[in-house]
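These notes concern the structure reproduced below.
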Amino acid sequence: MQTIKLMHMYPNMLDLYGDSGNVEIIKYRCKMRDIDLEVSSHVIGDDTADFSRYDIIYLGGGADLEQQILAEDLLKCKDAISDAYKKGTFFLMICGGYQLMGQYYKDSNGEKIPGLGLFDYYTAASTDKGKRCIGNIVIKATLDGEEYNVIGFENHGGQTQNVTSPFGTVLAGNGNCFSSKTEGYMEPSVVATYLHGPLLSKNPKLCDYIINYVMTRKTGEKYTAQPINDKLEEECRQQLFERLLK
Ligand code: GLN
């Protein structure tokens, strides 16, 4: 049985709107393909492990306070995380986790939190704490050359700019900024997005995209996960499309 190793960063702090559910979805969809998911976690004070030995590094969303609290510890991991990124580890980042991997996040108190600077984008929130992007959101992404509508829920004050390669185009909702045309950031080994849900529970093909990338990298051969019964997920998606895209 193959094993995929996932590093879950700050699971006790970056877990807004059940983002840890994304790990459960990856675990389930791996198990359905006879792949074991081995989950490790990093919390404040842990050694800056050799992150390149992980196949996936995952960060969920978090409120401004939690982002402030963990920022110093995250910066200690900068070199190890940058090394993993350069070696091809897959990065999945949701909302607050997305923001912290860019140049900086300026929170709703005007406090500037330095990011890891892996990517060129940067984020600033309005000091008007009432000004937030909140609601259901649908974006059109492209996964391995195929268009795929991704559904989620957004709740962020941060407005992310200078995004050179977005995750998708906005069909309903806000996106990287208020009334933005684009959402998130994507590379073949990176999905960074504002979509909570948890994201992967509503978007099975996105989870399989991640599994395919990781297994192809591990085995050195093109891996395509065998289809599994996603009838319920697809029924839910169609209902949401009818409601959100009419
Ligand atoms: N605290 C950040 C913001 O308000 C991220 C929020 C989140 O992770 N949902 O933009």
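Indexing begins at 1, ligand by ligand and atom by atom, following the structure's order.
- Other members of the hydrophobic cluster containing F241, listed by chain and number, are V138, I151, L171, L240, L244, L245; membership follows side-chain contacts under 4.5 Å among ILVMFWY residues, whether direct or relayed.
- Contacts of Y223 classified as ring pair (Phe, Tyr, Trp, His ring centres under 6.0 Å), with partners at least two apart in sequence or in another chain: none.
- By the 30° and 60° cut-offs, the orientation of the rings of Y104 relative to Y122 is parallel.
- Residues passing the salt bridge (charged side-chain N to carboxylate O under 4.0 Å, His left out) test with D64, sequence neighbours excluded: none.
- Only one option out of Y105, Y121, F119 pairs with Y98 in a ring pair (Phe, Tyr, Trp, His ring centres under 6.0 Å); it is Y121.
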Pairs under 3.5 angstrom, nitrogen or oxygen on both sides, ligand 1 versus protein: list them out, please.
residue  : atom   : partner : partner atom : Å
ligand 1 : 1 (N)  : G62     : O            : 3.0
ligand 1 : 1 (N)  : D64     : N            : 3.4
ligand 1 : 1 (N)  : D64     : OD1          : 2.7
ligand 1 : 1 (N)  : Q67     : OE1          : 2.7
ligand 1 : 4 (O)  : R132    : NH1          : 3.3
ligand 1 : 4 (O)  : R132    : NH2          : 3.2
ligand 1 : 4 (O)  : G157    : N            : 3.1
ligand 1 : 8 (O)  : G62     : N            : 2.9
ligand 1 : 8 (O)  : G62     : O            : 3.3
ligand 1 : 8 (O)  : G96     : N            : 3.0
ligand 1 : 9 (N)  : N155    : O            : 3.0
ligand 1 : 9 (N)  : H196    : NE2          : 2.9
ligand 1 : 10 (O) : Q99     : NE2          : 3.0
ligand 1 : 10 (O) : G157    : N            : 3.0
ligand 1 : 10 (O) : G158    : N            : 2.8

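- No more than 12 heavy atoms of other residues, nucleotides or ligands lie within 6.0 Å of CD in E146, so this atom counts as exposed by the packing criterion.
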